Every structure is written in C-alpha cells, then in structure tokens.
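Report on the structure given below.
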Amino acid sequence: MSGLRLGPLEVPAPVVLAPMAGITNAAYRRLCAEQGAGLYVCEMITSRGLVEGDETTRRMLVFDEAEKVRSVQLYGTDPVYVGKATRILCEEYGVAHVDLNFGCPVPKVTRKGGGGALPWKRNLLGRILEEAVAAAAPYDVPVTMKTRKGLDDDHLTYLDAGRIAQDAGCAAIALHGRTVAQAYSGQADWDAIAALVEHVDIPVLGNGDIWEAADALRMVEQTGVAGIVVGRGCLGRPWLFRDLAAAFSDDGPGETTLPTLGEVTVMMRRHAELLCEHMGEERGCKEFRKHVTWYLKGFRAGGELRRSLGLVDSLATLDRLLADLDPAEPFPASELGAPRGRQGAPRHRVVLPEGWLDDTDGLGDGCSGVLEDVDETTGG
Ligand SMILES: Cc1cc2nc3c(=O)[nH]c(=O)nc-3n(C[C@H](O)[C@H](O)[C@H](O)COP(=O)(O)O)c2cc1C
C-alpha cells in the first residue's frame, strides 16, 4: 500500500497521528515524526479562540522547526467562525491540512451541541464544512472531518456525515468506530468503518483500537480504508510509528519494535527535552509527568521511582531518576496488543441541548443557535 492522498497533499505513509488534546503538541508530534512517516496533527484548537485572538489558543499553535507539513484540528459549531479560523490557519500559520472535530464526547461540549453531537444537525454540519472548504480553497489546503458513528446506537450519523463531507468538498473523512455514548469504552466497530468506505467516494480514514502495526494492516484489509488514525496506541510508545511506516512500506512489516528499558529511557529523555525546548524547562517537565506511567507500563520500575518521576521538575532530576532504571530490562511482552490510555465506561445518556433531537436542520433562521466557547480544549 502506498501513501495517503488528501487532495493536493501527499503523505508518504497512510498513517495519521490522531489529534489528542494535551498530548499532540509540537514536541510530541516531532518525537513521533522522528520515528516514521505520517501526518502528525496538532491538538484541537477552537475556531472562536483563534478568531478572537485568545492567548491560550495562540500558544497552542506552535510548530516545530522540523515540521514541514503543518496540520491542525479545529473545533467549531458556527460556520462563520470556522470559515474565518480556517482562513487564519492557512494565511497566517501556513498550514497544509485542516481537520474539523465532530467527535468530542465530553458532556461540557455535547451539552452545547458541539463535537460528537453536531453531526445530528445535518444542514449545520454541511454549512460548517462548506465554509471551511471555501476558506481553504484559495490556499489549496485540504479539509477533512473526524467523527464518530453517532450519538448512540439509535442515533447514528456517520453515513450521512460521509455524504455531507463529500458534497461539501472534504478531502477525506476519519471515522472513530464508537458512538458518543460509548466514549472510549468497548470495542471500536470496524464494520461501520467498512460500511462508510462503501458509502462514499472520498478517502475514509479508520480510527479505533489500533495498538500494533498488525492491527493497522488488519483494519486496512477488513475495511478498505485509505489510511489509519492512531491515538492511544502511541501513548508512551512513539516507536509505534516506526512499525507502522515499515508495515506500509514496500518491504512489508518488520519485527515489532521491542525497546529495552534503557532504550525507553532514551525516548523519555528526548520527549522531555523537546517539551522543554518548546515550553521552557518548568512547564515542559510538568507536561512530561503525564507520560511517565505510559512509558513505564508493564516494566518493573518501583513505586517510589515512578512517583518521583511523576513529580519531575527539571531535566537534571529526570536524568538522575532515569539512571536508576535497569537499562537491560526487556520490553514487557504482555503490553503488546493491550489497550492503553483512557477507556472509561459508556454513558447512560448523551447530554444534549434541549430539543436537539427534534430536527436535523440546525440552521434555524440563518443562525446556528449553537454556542461556541473560546476556551474549549477538552478534545475528543
Ligand atoms: C487524551 C485524549 C485526547 C483526545 N483529544 C481529541 C481531540 O482533541 N480531537 C479529536 O478528534 N479526538 C480526540 N481524541 C480521540 C482520538 O483522536 C481517537 O479518536 C480515539 O482515541 C480513538 O482512537 P484510538 O483507539 O486509536 O485511541 C482524544 C483521545 C484521547 C485519549
């Protein structure tokens, strides 16, 4: 299988790093990109925050000097804001790809009709996508959307969303094979991904439960997707992108990368160093703390050492603590193919604005009626 084509953009491998709020910042994207080819998407930013010049939003829009292809995910519920934000991204930030988030399951977001709730309003979804595509067109920048199967099993939206995305001129649609109600629980439904591939002519990107390169190959074989989107599988395992690039190369899949603990500590150090380069040492080390558990998952490292690493406040302390880990310890085979990151429980009901399910329009009398927050950063 060759690379991935998103309109004018050619990605050498059909592999996309899923946008993950609080994770896929410039440092992490570079760390992963150093492992293998793919499209590395920035964490989600809000359209309104960008348009109104919100400081936090602007601070998230940082790119590494080695990042040649800038790819950003936008959150938005108002076609006008999304259009303006897309133009800013293309004109001022030189992005080469804009993805739109219609999958976030967080109640704070769906309560206002955003994220995963929005595709229920078919006409509003169409308008938002059209505005983004129109704003990106003069810059020859492809727009994609990322969504879920629907609100719950009784309110599926993904097939309509695929058709709407295609009609609006989107270059691809990514489908996470879960409903909003499922959040991250249960298993991703790859049959739904296959059904979407059948339903639309634009490329479909499959997402959900890829833990190893072999899963990615299996997804392509089972569903016919044009590419895969990896989220939790690469947490504390950036080298997964090495395996994925190899799996999709002409040489075919190589051996699964099984780093010793010594090799993992080198990766940890590199990750922390990149975070510190981008954010300064204090903030960088703070950001790094959340990754420690993922890197050490399954290794024998003792509780005291883990706790200290989880409180690390300087690169010098990090070096001292990492030196206490046994470099020869082999990679824990039990972690291969095992889920990592958040899983959680399904929701009993999806929190929606009052009367949300009454119609599928969403445009009302020319106004979306959906309130967009400046500081929505909870992700998907
Ligand atoms: C910590 C975290 C943050 C996330 N943030 C976003 C986000 O900002 N935008 C988005 O579309 N999806 C977000 N997601 C969802 C992922 O992009 C992906 O769709 C999901 O994790 C399923 O893929 P996986 O099974 O490979 O993890 C997030 C997921 C996690 C675990």
Side-chain angles (χ1 to χ4, degrees), residues 15-25 28-29 32 38-47 49 56-57 60-61 71-77 97-106 108-110 114-119 143-149 158 161 165 172-180 182-190 192-193 204-216 218-220 223 225 227-238 240-241 243-244 287 289-291 293-294 337-344 373 375-380:
V15 174
V16 181
L17 165 65
M20 288 186 280
I23 309 281
T24 57
N25 49 33
Y28 191 68
R29 297 195 302 274
C32 294
L39 182 63
Y40 294 93
V41 187
C42 177
E43 54 190 330
M44 180 192 94
I45 61 150
T46 72
S47 299
T56 316
T57 307
M60 287 163 80
L61 269 177
S71 163
V72 174
Q73 187 186 55
L74 270 183
Y75 166 87
T77 55
H97 167 231
V98 176
D99 181 51
L100 298 179
N101 177 331
F102 296 110
C104 183
V106 176
K108 192 173 125 200
V109 170
T110 59
L118 199 134
V143 173
T144 59
M145 77 172 278
K146 179 164 174 288
T147 191
R148 289 180 176 245
K149 280 172 65 185
Y158 70 103
I173 175 169
L175 179 63
H176 176 190
R178 287 185 174 83
T179 61
V180 174
Q182 280 180 290
Y184 295 88
S185 67
Q187 259 203 321
D189 174 3
W190 290 7
I193 296 172
V204 173
L205 307 175
N207 175 229
D209 298 350
I210 290 173
W211 311 110
E212 303 296 337
D215 297 326
R218 201 162 44 82
M219 180 188 272
V220 169
T223 66
V225 286
I228 56 103
V229 183
V230 181
R232 295 163 298 167
C234 66
L235 295 175
R237 293 180 78 206
L240 179 57
F241 287 100
D243 291 355
L244 287 165
E287 273 296 316
R289 294 175 186 174
K290 68 174 91 148
H291 296 272
T293 325
W294 292 319
R340 49 207 296 123
R342 60 168 79 143
Q343 275 128 61
D373 267 355
D375 63 347
E376 197 52 72
T377 53
T378 37

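For ligands, and for the atoms within them, numbers begin at 1 and follow the listed sequence. Computed from a predicted model, the values in this text were never measured in an experiment.
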Shortest heavy-atom approach to atom 4 (C) of ligand 1 - which of Lys290, Arg232, Gln343, Met20: Met20

Counting heavy atoms only, which of Tyr75, Tyr184, Phe102 comes nearest to atom 21 (O) of ligand 1? Tyr184

Among residues at least two apart in sequence or on other chains, which ones pass side chain to side chain contact (heavy atoms under 4.5 Å, CB included) with Leu100? Leu74, Val82, Val98, Phe102, Ile128, Leu129, Ala132, Val143

At the 4.0 Å heavy-atom cut-off, does Pro19 count as touching ligand 1? yes

State if Gly233 counts as touching ligand 1 under the rule of any non-hydrogen atom under 4.0 Å. no

Would you indicate whether the side-chain heavy atoms of [Y] and [X] approach each other to under 4.5 Å?
X	Y	result
Leu205	Ile228	no
Ile23	Leu235	yes
Glu43	Thr24	yes

For ligand 1, which part of [X] has a heavy atom less than 4.0 Å away: the side chain, the backbone, both, or neither?
X	result
His176	side chain
Gln73	side chain
Asn101	side chain

Counting only nitrogen or oxygen atoms and a 3.5 angstrom limit, does [X] reach ligand 1?
X	answer
Ala21	yes
Gly231	yes
Trp211	no

Gap between atom CZ of Arg237 and atom CH2 of Trp211 - 0.5 Å precision: 10.0 Å

Where is the tightest heavy-atom contact between Cys234 and Met20, given as atom of each residue plus distance? SG-CE, 4.1 Å

May I ask you to list the atoms of ligand 1 that are less than 4.0 angstrom from any heavy atom of Lys146? 10 (C), 11 (O), 12 (N), 15 (C), 16 (C), 17 (O), 18 (C), 19 (O)

Are Arg29 and Phe241 in a cation-pi contact, defined as NZ or CZ under 6.0 Å from the six-membered ring centre and within 45° of the axis? no

Residues that Tyr158 engages under ring pair (Phe, Tyr, Trp, His ring centres under 6.0 Å), provided they are two or more places apart: none

